[in-house]
J.: 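Before we start, here is the structure in question, set down as C-alpha cells.
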Amino acid sequence: MEVSVYIHFPFCVRRCHYCDFNTYEGMEHLISPYVEALCKEIELLGRALPERYLHSVHTVYFGGGTPSLLSVSHLHRILTTLESHLGLEANAEISLEANPGTLSMAKMRAYAQIGINRLSLGFQSANEEELRLLGRAHTLEDALRAVEFARVAGIDNLNLDLIYGLPSQSLRSWENSLKVALSLGVEHLSLYSLTVEEGTLLDRWVRSGVLPYPEENFAADCYELARELLANAGYLHYEISNWALLRSGEEIPVCRHNLQYWKNQEYFGLGAGAHGFLGGYRLANVSHPQQYIERIRSATVCSFPFSPAVQECHCVTPEEEMRDTVLLGLRLVHEGVGEADFFRRFGKSLLEVFPKEIARLTKKGLVEWVETDQRRLRLTRFGQLLGNQAFVEFI
Ligand code: SF4
C-alpha cells in the first residue's frame, strides 16, 4: 500500500484577484514558526504511525499558497523530517508549486539538489493583460525564464497551470496562450476553467459591471480547442483537466500525486487548512496559520490519524467510499473506474451498487462502458464537457 503526503503552505506575496484558497498575504513573519510546526506535526504523526504506513510515501506535494516562497533550507528541513519520521520511497515524486516571479537559477539548482523532481508553475496565461486582470505577481517573461531555469537545473518533469474562461478573454488569446505553453515542450499541462468565487475582487468587479460575467459556452469552446490542440501536439488527455506529454519509450509523465486522489487512495494532509484521507477518516486541519502553529506548539502526542491540528474529521462509511471512488475515478478520461478493480476493493460490483445512477447517466450519453484490460465505466467525450452533471449522481 502506498500513501501520499500533501503539505500546505498558506502564504502568498499578494492575493490574486480570483483566489479564494486558504492563503494569506503580509504574514511572512510566520514562515519560520510555521515550518517548525510542520516539522513537529510530521514528528508527532510519525511517532503514532502504524507500521503498515512506514516507508510507503511515494509522493509528496508542496501546494499553496506559494510554496516557492519557502527558503531552500526550510524545504530541505521538511523533506528530511519526512524522510526520518514517515520514510520516503526511493523514487518518490516530490512536487513543488511555484510562482514564476519567485524563482532564480540558484534556487532552481538547489531544488534539484534537495530532491524536488517535479515543478508545477502557475503560468496561467501568455497574455500580459490577462495576467494583470488575474492579479498575478509575475509576467510572461518571468514564466519563460522559470522554465529555462528548471531545464538548466535538470528538472525534467514540469507542469504548467493555465486558466481559461476569463472575462474579456477571446478564443484567439486562449489559443495563443496554449501555443506558447506548447512551444515549451513541458511534460504536463493542467488547464482550469475560471470560477468567479464569491468575495474575491474579480467577483466584485463582475457584480458591479466593471467586467462582463464570463460566458459558460465560452469556457466550453476553450476546452474543445485545448483538447484538439493538445492532442495534435502529442499530449495524452488522461484526466478532465490534465494532459501528459507522450514520448516514445518513456514513462507517461502523469502526476502520480494527483492520481492518488483520483483513485481515492490515502494521503496525509499537513499544514494549515490541509485535508487528508487516512485510516478511514476524512480530516481537515485548522485553517489559519497562527492557530495551526499554536495547536501544534502546545501538543506533545497525537493518536493516529488525528494530528493535533485537526479541526474536522469524518469517519467514511463503506457506502461513501464507494461513491467517492466512482466520483473521483470518472475524472480519469481513459481509465474511468475498472469493474474488476472496484470488485476487488469492495467485494461488490459497480452495477450492483449503482444500477440506477449508471442507467440514468448512460441514457443521457454522459458515461459509457469500454473494454480494455477490463470492463471500465468512463465519461463519454460529451460527458467530459458536462462532468459535473455526472458527478452529481454520486454525491
Ligand atoms: S498565487 Fe495561487 S494561492 Fe496565491 S493568491 Fe494567487 S492563486 Fe491564490
Side-chain angles (χ1 to χ4, degrees), residues 6-31 34-35 38 61-71 74-75 95-104 107 111 116 118-147 150 158-167 169 177 181 188-206 211 214 219 241-242 255 257-258 269-275 284-285 287-290 292:
Y6 173 78
I7 296 182
H8 193 69
F9 183 76
F11 305 100
C12 284
V13 180
R14 65 166 199 243
R15 188 174 276 277
C16 300
H17 300 155
Y18 59 102
C19 175
D20 79 334
F21 298 145
N22 183 40
T23 191
Y24 303 84
E25 55 182 333
M27 288 206 183
E28 285 77 2
H29 60 286
L30 287 183
I31 292 181
Y34 187 78
V35 171
L38 262 177
Y61 193 99
F62 290 92
T66 307
S68 53
L69 286 179
L70 274 165
S71 68
H74 277 151
L75 272 171
S95 307
L96 179 94
E97 276 181 0
N99 185 320
T102 61
L103 298 168
S104 66
K107 209 168 180 182
Y111 285 163
I116 306 283
R118 185 173 186 276
L119 203 72
S120 180
L121 287 170
F123 181 91
Q124 313 309 355
S125 169
N127 180 318
E128 300 287 359
E129 252 176 59
E130 288 171 9
L131 290 174
R132 278 195 294 276
L133 173 82
L134 293 167
R136 298 291 303 178
H138 68 88
T139 60
L140 171 62
E141 202 188 323
D142 291 330
L144 299 178
R145 220 176 9 227
V147 171
L158 270 185
N159 171 62
L160 301 183
D161 280 348
L162 272 79
I163 197 159
Y164 61 89
L166 315 182
Q169 186 181 35
S177 289
H188 196 278
L189 288 163
S190 299
L191 312 183
Y192 300 106
S193 170
L194 176 79
T195 314
V196 181
E197 301 288 357
E198 219 181 305
T200 58
L201 195 56
L202 195 67
D203 178 45
R204 287 211 288 283
W205 287 341
V206 168
L211 285 173
S241 309
N242 288 278
C255 177
H257 183 84
N258 285 342
L270 307 174
H275 289 236
N285 277 356
S287 300
H288 197 281
Q290 185 66 58
Y292 168 79

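Just follow the structure's listing: the first ligand is 1, and inside any ligand the first atom is 1. Reckoned from all heavy atoms, side chains included, excluding hydrogens, waters and symmetry mates.
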J.: According to salt bridge (Lys or Arg N to Asp or Glu O under 4.0 Å), does anything in residues 131-146 pair up with another residue at least two apart or in another chain? List the pairs.
T.: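 Residue pairs with at least one partner in residues 131-146: E141-R145, D142-R145.
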
J.: Partners of H17 by ring-ring contact (aromatic ring centres under 6.0 Å, His included), sequence neighbours excluded?
T.: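 Applying ring-ring contact (aromatic ring centres under 6.0 Å, His included) to H17 gives W205.
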
J.: Only one of Y34, Y24, Y292, F21 passes ring pair (Phe, Tyr, Trp, His ring centres under 6.0 Å) with F11; say which it is.
T.: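 So, applying the ring pair (Phe, Tyr, Trp, His ring centres under 6.0 Å) to F11 and each of Y34, Y24, Y292, F21, only Y34 qualifies.
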
J.: List the residues meeting salt bridge (charged side-chain N to carboxylate O under 4.0 Å, His left out) with D203, not counting sequence neighbours, and say none if there are none.
T.: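 For D203 the salt bridge (charged side-chain N to carboxylate O under 4.0 Å, His left out) partners, ignoring immediate neighbours, are R207.
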
J.: Within this structure, what is the OG-CG distance for the pair S95 and L158, rounded to the nearest 0.5 Å?
T.: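 With rounding to 0.5 Å, OG (S95) is 11.0 Å from CG (L158).
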
J.: Let's go through L162 and F123 carefully: what are the C-alpha distance in whole Å and the side-chain angles of both, what is the deciding distance for side-chain contact (heavy atoms from CB on, under 4.5 Å) to 0.1 Å, and is it a yes or a no?
T.: CA-CA 6 Å; L162 272 79; F123 181 91; 3.8 Å; yes

J.: What protein N/O/S atoms sit under 2.8 Å from atom 8 (Fe) of ligand 1, by chain and number?
T.: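 For atom 8 (Fe) of ligand 1, the protein N, O and S atoms that sit under 2.8 Å away are C19 SG.
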
J.: At a 4.0 Å threshold, what atoms of ligand 1 neighbour a non-hydrogen atom of R14?
T.: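 Here the atoms of ligand 1 in question are 5 (S).
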
J.: Can you pull out the closest protein heavy atom to atom 2 (Fe) of ligand 1? Residue, atom name and distance to 0.1 Å, please.
T.: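 I find the closest protein heavy atom is R136 NH1, 4.0 Å.
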
J.: Only one of N159, L103, D161 clears side-chain contact (heavy atoms from CB on, under 4.5 Å) with L121; which?
T.: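 Single pass found, and it is L103.
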
